[in-house]
Amino acid sequence: MVSVISTETASRPMQDASMPPPLSPALLVWRRFKRHKAALIGAGVLIFLALLAILAPLIAGWRGQDHEVVDLFNRFQPVSAAHPLGTDDLGRDLMLRLIYGGRISLFVGLVTACLTASIGTVIGLVSGWYGGRIDAFLMRFCDGWISLPLLPVLIVLAAVDPTKVGLPMAIAKSPDLSLYRIVLIIALVAWTTSARLVRGVTLTLKTRDFVQAAVAQGASTARILFVHILPNALSPILVAATLASGNIILLESTLSFLGLGIQPPVASWGNILTNAQEIIWSQPMQAIYPGILIFATVISLNFVGDGLQDAFDPRTEGR
Amino acid sequence: MTRFLSIRFLQASVVVLVMSFVVYGLIGLMPGDPIDIMLSGDPNMTSEDAARLRAVYGLDQPLLNRYLSWLGNALAGDFGYSRQHHQPVMTIVLPRLLNTLYLMICAFLISVAVAIPAGVYAARHPRSLVDQAINLFCFAGISLPVFFLALLLIIFFAVVLGVLPAGGMKTVGESSFGDRLRYMVLPVATLTIANIAQVTRYVRSGMIEVLREDYIRTARAKGADENRVVWRHALRNAMIPTVTIMALECGTLLSGALITETMFSYLGMGKLIFDSILANDFNVALIGLLFACSVTLVLNLIADLLYAALDPRISYR
């Protein structure tokens, strides 16, 4: 397998009418990604779930149902044309709640992954570029952070009273608080992976000629970091963020399951399962659907991340 | 060696100290304080009473002063009382810690016993059908939420088959070892399945890396037995990076234990931490979290020592 750069430089001088035009790097990545069948299927599953999530209000309008209105006369309805997956313990259509739950879970995964990658990138760039004491301090901080037991810390953070950290009442009492909170606390504990990654890339790139040339030309540090180094670190960051979003969705669903994440009546795949343990004796399928959706999403993200890694860096293929 | 150990011990103590402060501060940010809880329990209390009580218990002091007095007591061996259980914190925490250690050690040993042969086999036959099956299993293992895995196991073994208990520690009135074991099967299985996948991935990628090395080709060329090449030349070297990751992975095992114990009502540390946080049992939550941090630190230290045991080039003197 030839790398992106050598294909471009090698094919240019030989270009004539008989040769096909050189492939763009994006096309090369796509060609390699296509060969990873599991990643391709994963991408398909994710696109399908994302479409469902985006179209959720339209689906609700078309079916004439509401996913939050309680209807106690219709608890645990069996599967029917009106309720393809039956109704839950409060008489709400389970399928619609699962679709809306996906909206929340995918949103949390996407936003938190972006936030995590941004925090990690900035810390990694600074740490790798400046080196010395700043680097030592940031990396020891990173080590200490990693040694914290993840879930117990998240539970404490999720239980923190927002008024005690000085949040104004308007935000503390907002119904969306549980959503913002979960994004924030997961990002707060998950930035370390991308920070280490970006630091490593920065360390190798900063000795390269094109960066030295930029330094010699008197480019500002911000310009070197964000215009010269960051674009070259984008593909590993993208891979890491894809893999991280799977973990983030797992953490979100776990916290919501424990009752500390997304608060009902807002649906999330995790909190649909909250009282699943009481209903498994009578309605085991109700506990299985949301779990399968979480599983399908996370495994798809992991496959896509794996496929992207192989596509960006063919040397890692099959490892 | 002694020097290395004492330095590491000192470092770990400093980390625990810093963590205890952070955790103390965080716990203070949780809703409700002990006086509020007393107030809600007794309608006759006035706000003056509350203020007086706050002064008596030192709750009107700034955070640092409160922390230092807690630290002073803790260093003297007094960790306070549990609000929920009305017992000294240590009497509650120690047996729970032991229960969790049983769970973690069983899960860890079983997953290593399965993951090393599986990972080595997959690495020796890359892209074979078995490798692909192992790979698929690993992806499934890291993508399955622990609580959902526990639910599936409960549904299958307790609800459908009815052969294993859905939760708890022992049958009432029964105290045999076999009975205890029956209650441990599902929690251990849950933790193990989640852990095997990770460890197998590390072993496989470590082995693939090492099997490409020149010294492996040399060993084969001089006619060494293939089993010897794989298990002695390759595995030992492949284990060097793997061991560190496995020790860190035990932190994940600890998080997994929290969910597993909660799902199966297994009376361990994880469930204790979770319950005490929800019940505003500050003293217990604090010690529980500190223990959880310390376990991770100790495991890191063990990883470093194993490093030296596996790789003669590294020595701590």
Side-chain angles (χ1 to χ4, degrees), chain A residues 38 42 140 143-144 146-166 243 246-247 249-254 257-260 269-270 273-274 276-277 280-282 284-285 287-288 290-303 306 316 318-319, chain B residues 15 18-19 22-23 26-32 126-127 131 135-136 139-140 142-152 154-155 158-160 166-167 204-205 208-209 248 251-252 254-259 262-263 269-270 273-274 277-278 280 285 288-289 291-293 295-297 299-300:
Chain A
R140 289 300 81 72
D143 291 344
I146 288 173
S147 73
L148 288 173
L150 188 59
L151 202 60
V153 169
L154 276 177
I155 290 175
V156 175
L157 287 174
V160 164
D161 182 353
T163 54
K164 283 201 189 175
V165 283
L243 296 173
N247 279 328
I249 290 177
L250 280 183
L251 287 174
E252 180 272 320
S253 64
T254 305
F257 168 75
L258 293 172
L260 293 163
W269 289 334
L273 276 164
T274 298
Q277 241 173 327
I280 49 169
W281 303 91
S282 53
M285 285 317 283
I288 288 179
I292 287 178
L293 283 173
I294 301 171
F295 176 61
T297 309
V298 177
I299 200 170
S300 300
L301 282 167
N302 281 330
F303 277 134
D306 196 48
T316 64
R319 289 201 190 167
Chain B
V15 174
V18 173
M19 277 182 193
V22 172
V23 173
L26 270 179
I27 293 216
L29 290 175
M30 296 202 314
R127 311 218 153 243
D131 177 35
N135 194 31
L136 191 67
F139 268 94
I142 57 169
S143 308
L144 200 61
V146 177
F147 65 92
F148 182 57
L149 178 62
L151 264 182
L152 286 179
I154 294 176
I155 289 179
V159 179
V160 177
R204 177 179 179 276
S205 65
I208 284 190
E209 204 86 8
L248 283 176
T252 323
L254 203 75
S255 292
L258 191 148
I259 307 165
T262 311
M263 294 295 293
M269 247 348 236
I273 293 177
F274 180 61
I277 289 174
L278 287 196
N280 287 323
L289 283 166
F291 263 141
C293 297
V295 168
T296 325
L297 285 173
L299 286 169
N300 285 349

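Chain letters run A, B, ... following the sequence lines, proteins first and then strands; every chain starts at 1.
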Quick one: are A:N302 and A:L243 in side-chain contact, heavy atoms under 4.5 Å? yes
So which heavy atom on [X] is nearest to which on [Y], and how close?
X      : Y      : answer
A:S300 : A:G42  : CB-O, 3.5 Å
A:L250 : B:L144 : CD2-C, 4.2 Å
A:G291 : A:L273 : N-CD1, 4.0 Å

Rounded to the nearest 0.5 Å, how far apart are CD1 of B:I259 and CZ of A:F257? 8.5 Å
Residues passing the side-chain contact (heavy atoms from CB on, under 4.5 Å) test with A:I299, sequence neighbours excluded, are A:F295, A:F303, B:F139, B:A140, B:S143
Pairs of heavy atoms under 4.5 Å with chain A: top-ranked of B:L151, B:I273, B:V160, B:L152: B:L151
Report the option among B:L258, B:V146, B:L278 that has the most heavy-atom pairs separated by less than 4.5 Å from atoms of chain A. B:L258
Is B:L26 in contact with chain A via its backbone, its side chain, both, or neither, using a 4.5 Å heavy-atom distance? both
With only heavy atoms counted, which part of B:M263 is less than 4.5 Å from chain A, the side chain, the backbone, both or neither? both
Examine whether an atom of A:L258 lies under 4.5 Å from a heavy atom of chain B, and if so say whether it belongs to the side chain, the backbone or both; otherwise answer neither. both
Considering only heavy atoms, which portion of A:L154 lies under 4.5 Å from any heavy atom of chain B: side chain, backbone, both, or neither? neither
Interface residue of largest heavy-atom contact number with chain B, from A:L301, A:T254, A:I294, A:V153, under 4.5 Å: A:T254
Heavy-atom pairs under 4.5 Å with chain B, option from A:P290, A:P152, A:G246, A:G259 with the top count: A:P152
